[in-house]
Amino acid sequence: MAYWLMKSEPFKYSWDDLVAEGEGTWDGVRNYQARNNLAAMQVGDEAFFYHSREGLEVVGICTVSVAGITDPTDETGKWAAVKVKAKEKLAHPVTLVAIKAEPRLAEMQLIRQSRLSVCGVTPVEWQVICEMAKG
DNA sequence: GCCAACGTTGGC
DNA sequence: GCCAACGTTGGC
């Protein structure tokens with residue numbers, strides 16, 4: 001079981017949109033490293049839902065409900081996608097500022113590669129952020 | 001809205 | 001195979 005962080009611009013697809021739908025397809029990724037992360041996901045993996053460009057914070061946790069599907073928005077069939085379900089909303093969103101201020105999170109892929117839209121998260125990092133989310 | 005950083009593309 | 005040009009992303 002692995003942990004991930006998925007970025008979305010809230011004016012395109014927000015946490016509330018996912019909650020409203022119940023299950024959402026994570027497609028449209030056109031970056032090879034992000035695709036590799038998508039392809040590595042297993043059903044039951046958990047992912048932080050992060051709002052980029054606006055918000056700049058982790059707002060919720062979702063679980064992978066369907067793994068290893070091809071991106072339905074792509075005709076060439078070479079891009080990957082997964083389906084996710086909203087699991088829980090964080091009691092307190094964890095902002096990028098707070099993540100940067102936490103030494104244990106300094107090595108996060110999110111920080112080191114700011115443009116990667118689907119990042120891996122280590123179990124330690126996951127736990128630290130979950131603790132921060134409790135306030 | 002701007003711009004830096006990064007990834008991709010295409011000409012040579 | 002290199003590298004300049006271009007497009008996109010995301011933090012500010």
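For clarity, every value in this text was computed on a predicted model and none was experimentally measured. So you know, we letter chains A, B, ... as the sequences are listed, proteins then strands, and number each from 1.
In this entry the distance linking NE2 of A/His51 with P of C/dT9 reads 17 Å, nearest Å. With rounding to whole Å, A/Arg35 atom CZ is found 10 Å from B/dT8 atom P. Note: CD (A/Gln33) to P (B/dT8) measures 9 Å, nearest angstrom. Rounded to an integer number of Å, the gap from A/Arg53 CZ to B/dC3 P is 14 Å. A straight line from CG of A/Leu5 to P of C/dG10 spans 11 Å, rounded to a whole angstrom. Going from atom CG of A/Leu116 over to atom C1' of B/dA5 covers 13 Å, rounded to whole Å. Between the CE atom of A/Met6 and the P atom of C/dG10 there is a distance of 13 Å, given to the nearest Å. Counting to the nearest Å, the P atom of C/dG11 and the CG atom of A/Leu110 are 7 Å from each other.
Remark: A/Lys7 is not in phosphate contact with C/dT8, judged by side-chain N or O atoms under 4.0 Å from OP1 or OP2. Here A/Tyr50 reaches the OP1 or OP2 of C/dG11: one of its side-chain N or O atoms lies under 4.0 Å away.
Side chain of A/Asn31, nearest nucleotide from B/dG7, C/dC12, C/dG10: B/dG7. Picking from B/dT8, C/dG11, C/dG10 the nucleotide with the shortest atom distance to the side chain of A/Glu9 gives C/dG10. Distance from the side chain of A/Gln113 is smallest to B/dG7 among C/dG10, B/dG7, C/dG11.
Each of A/Asn37, A/Thr122, A/Val121 was compared with A/Gln109 under the side chain to side chain contact (heavy atoms under 4.5 Å, CB included) criterion, and only A/Asn37 meets it.
A/Glu21 CD: more than 12 foreign heavy atoms inside a 6.0 Å radius.
Here SG of A/Cys119 is found 7.0 Å from CE of A/Met108. Values are rounded to the nearest 0.5 Å.
Here the side chain of A/Ser65 pairs a donor or acceptor atom with the backbone of A/Lys83 at under 3.5 angstrom.
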